[in-house]
*Asks:* 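One structure, pasted below without further comment.
We use all heavy atoms of the structure for the numbers below, so side chains are in, but hydrogens, waters and symmetry mates are not.
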2 protein chains.
Amino acid sequence: MSIREEKKKKTKRAILHAAISLFNKKGYDNTSIEQIAQNAGVGKGTIYSYFDSKKSIIKGFCEYELEKIHHQLVAQSNEQSSVLEQMLIIFMTEFDHVTQNPEFGRLYLRETLFPDNMGRNNASDFDEKYFEILFPILEKGQQRGELREDIEHLYLCAHFYSLYILVISAWYSGRIEKSAIQDAMKTLFKQTLDGLRPVSQNHTTGNNND
Amino acid sequence: MSIREEKKKKTKRAILHAAISLFNKKGYDNTSIEQIAQNAGVGKGTIYSYFDSKKSIIKGFCEYELEKIHHQLVAQSNEQSSVLEQMLIIFMTEFDHVTQNPEFGRLYLRETLFPDNMGRNNASDFDEKYFEILFPILEKGQQRGELREDIEHLYLCAHFYSLYILVISAWYSGRIEKSAIQDAMKTLFKQTLDGLRPVSQNHTTGNNND
DNA sequence: CGTTAAAATTGACTGCAGTCAAAATGTATA
DNA sequence: TATACATTTTGACTGCAGTCAATTTTAACG
């Protein structure tokens with residue numbers, strides 16, 4: 001690796017490191033780019049040749065973090081467990097990480113779920129990694145008869161993911177305590193697996209189109 | 001009403017009107033407070049005695065809009081329809097309004113779901129109005145045997161609301177076309193009603209606690 | 001009315017995100 | 001090594017969100 005490339009990597013790390021440290025110490029809004037630059041030992045302008053904006057520093061950090069989590073998950077996931085248990089582990093692990101850096105997590109979720117650009121979005125690369133983890137679990141679940149086979153994987157994901165988002169949101173807006181998260185998520189996951197209709201009236205086969 | 005109060009109302013309306021017009025014309029980021037002030041015929045500082053921040057102008061507008069929608073909904077809702085149909089109407093109506101002002105909708109959702117303040121949140125007042133509409137529908141649904149009675153109303157709401165959020169997010173990030181929204185939402189709602197498990201294995205009674 | 005207190009309005013001011021032309025540093029070639 | 005070119009770094013500069021002390025407008029009362 002050339003001198004140039006080495007320096008670039010070192011600089012990027014320094015910026016990210018300074019940013020994380022300052023954001024966690026003083027909060028995102030109370031940290032200025034100039035402060036980050038000083039702590040990283042570079043000029044202000046340099047930061048903008050590594051990151052598009054203040055927000056994208058967060059995005060860079062979060063994606064790096066989440067990738068780490070994903071690797072962890074693949075390692076620790078137990079193929080024998082039920083879909084419910086595996087989903088709970090995955091989303092609770094993710095939740096724990098998010099809440100360790102609430103500031104980052106919040107801004108990342110905002111940006112990911114309701115992006116600035118509208119439309120042309122580059123998150124698909126990131127979605128892929130999600131699916132790489134979730135799809136096999138769902139596939140196995142279907143094979144074991146735990147999940148309906150007439151629902152696409154994408155839609156199955158959607159149900160769990162949407163509930164995860166809701167619970168996170170409830171925590172961020174102070175409607176639920178951290179200690180209550182796991183139970184709430186479990187309850188919701190169970191309910192969505194079992195359905196909201198009474199058993200007697202359950203008609204799954206999809207012939208109930210109006 | 002005193003002269004003072006009249007003027008205040010008029011001024012607030014003028015600010016909101018100028019803001020909406022400019023935001024829709026040039027976008028939120030490209031509109032400055034000073035421009036809004038000029039279009040509203042007031043000084044810059046005045047805006048800050050009516051709104052806490054640039055963001056809260058959006059919030060003010062959205063809450064005003066959503067309140068209008070809610071009234072509409074109560075009027076047009078048909079108690080005889082199935083829970084599925086009523087939920088679809090409610091969330092599709094809301095979706096339509098959000099997407100008429102995508103800029104506003106996006107910022108409102110961000111702020112509502114992942115607020116700045118963290119914890120102390122004043123949205124509970126607004127939640128109430130949501131529940132005033134949804135709870136009666138769910139109550140009726142339970143009475144008619146369309147919905148399980150062992151699930152709290154709050155949790156029943158959670159399922160529908162979370163899917164609504166997911167679909168909106170999918171639209172905002174360009175993963176789904178506007179024309180496909182209704183079908184997607186309907187499919188997801190149906191699935192959550194029927195459950196993700198195959199019928200044969202459905203065990204609703206909640207005695208499957210580990 | 002005239003006087004005084006309270007409320008509303010204002011724009012100059014502060015601090016920060018993001019830009020950009022110029023300077024510094026690294027690379028390739030003779 | 002010297003020269004020319006490419007990449008990276010830099011901080012002065014621009015424009016805007018949000019503040020605040022000073023000013024103007026309204027209300028209350030003798």
*Asks:* Whole Å only: how far is the CD atom of B:Gln38 from the C1' atom of C:dT10?
*Replies:* 13 Å
*Asks:* CD1 of A:Ile15 versus C1' of D:dT8: gap in Å, rounded?
*Replies:* 12 Å
*Asks:* Check the distance between C:dA6's P and B:Lys8's NZ and give it to me in whole angstrom.
*Replies:* 16 Å
*Asks:* Hey, what are the protein-to-nucleotides 22-25 of chain D N/O distances that come in under 3.5 Å?
*Replies:*
none

*Asks:* Mind checking A:Tyr50 for me? I need base, sugar-phosphate or nothing, with any heavy atom below 4.0 Å counting as a touch.
*Replies:* sugar-phosphate
*Asks:* Can you see whether B:Phe51 has B:Lys12 sitting over its ring - NZ or CZ less than 6.0 Å from the centre and within 45° of the normal?
*Replies:* yes
*Asks:* To the closest 0.5 Å, what do you measure between CD (B:Gln143) and CD (B:Glu149)?
*Replies:* 8.0 Å
*Asks:* With sequence neighbours left out, write down each residue that passes side-chain hydrogen bond (donor to acceptor under 3.5 Å, both in side chains) with A:Lys10, or none if nothing qualifies.
*Replies:* none
*Asks:* Rounded to the nearest 0.5 Å, what's the gap from CZ on A:Phe95 to CG on A:Leu88? Could you check?
*Replies:* 12.5 Å
*Asks:* Among residues two or more places apart or on two chains, list those pairs meeting ring pair (Phe, Tyr, Trp, His ring centres under 6.0 Å) that have a residue in residues 24-49 of chain A.
*Replies:* A:Phe23-A:Tyr28
*Asks:* Rounded to whole Å, how long is the line connecting atom CD of A:Glu6 with atom P of C:dT27?
*Replies:* 10 Å
*Asks:* Heavy atoms under 4.0 Å is the rule here; annotate nucleotides 14-22 of chain C 5' to 3' with B where the base is hit, S where only the sugar-phosphate is, and - elsewhere.
*Replies:* --SBBB---
*Asks:* Would you list the atom pairs, donor with acceptor, under 3.5 Å between side chains in residues 152-166 of chain B and any protein atom, with sequence neighbours excluded?
*Replies:*
residue	atom	partner	partner atom	Å
B:His153	NE2	B:Glu139	OE1	3.0
B:His153	NE2	B:Gln142	OE1	3.1
B:His159	NE2	A:Gln191	OE1	2.8
B:Ser162	OG	A:Ser162	OG	3.3
B:Ser162	OG	B:Ala158	O	3.2
B:Ser162	OG	B:His159	O	3.1

*Asks:* Crowded around A:Glu34 CD? As in, over 12 foreign heavy atoms under 6.0 Å?
*Replies:* no
*Asks:* Just the rounded figure in Å: distance from C1' of D:dT8 to CD1 of A:Ile47.
*Replies:* 14 Å
*Asks:* Just grab all the salt bridge (charged side-chain N to carboxylate O under 4.0 Å, His left out) pairs involving residues 153-163 of chain B, residues at least two apart or on different chains.
*Replies:* none
*Asks:* Verify the contact: side-chain N or O of A:Ser49 to OP1 or OP2 of D:dT8, cut-off strictly under 4.0 Å; return yes or no.
*Replies:* no
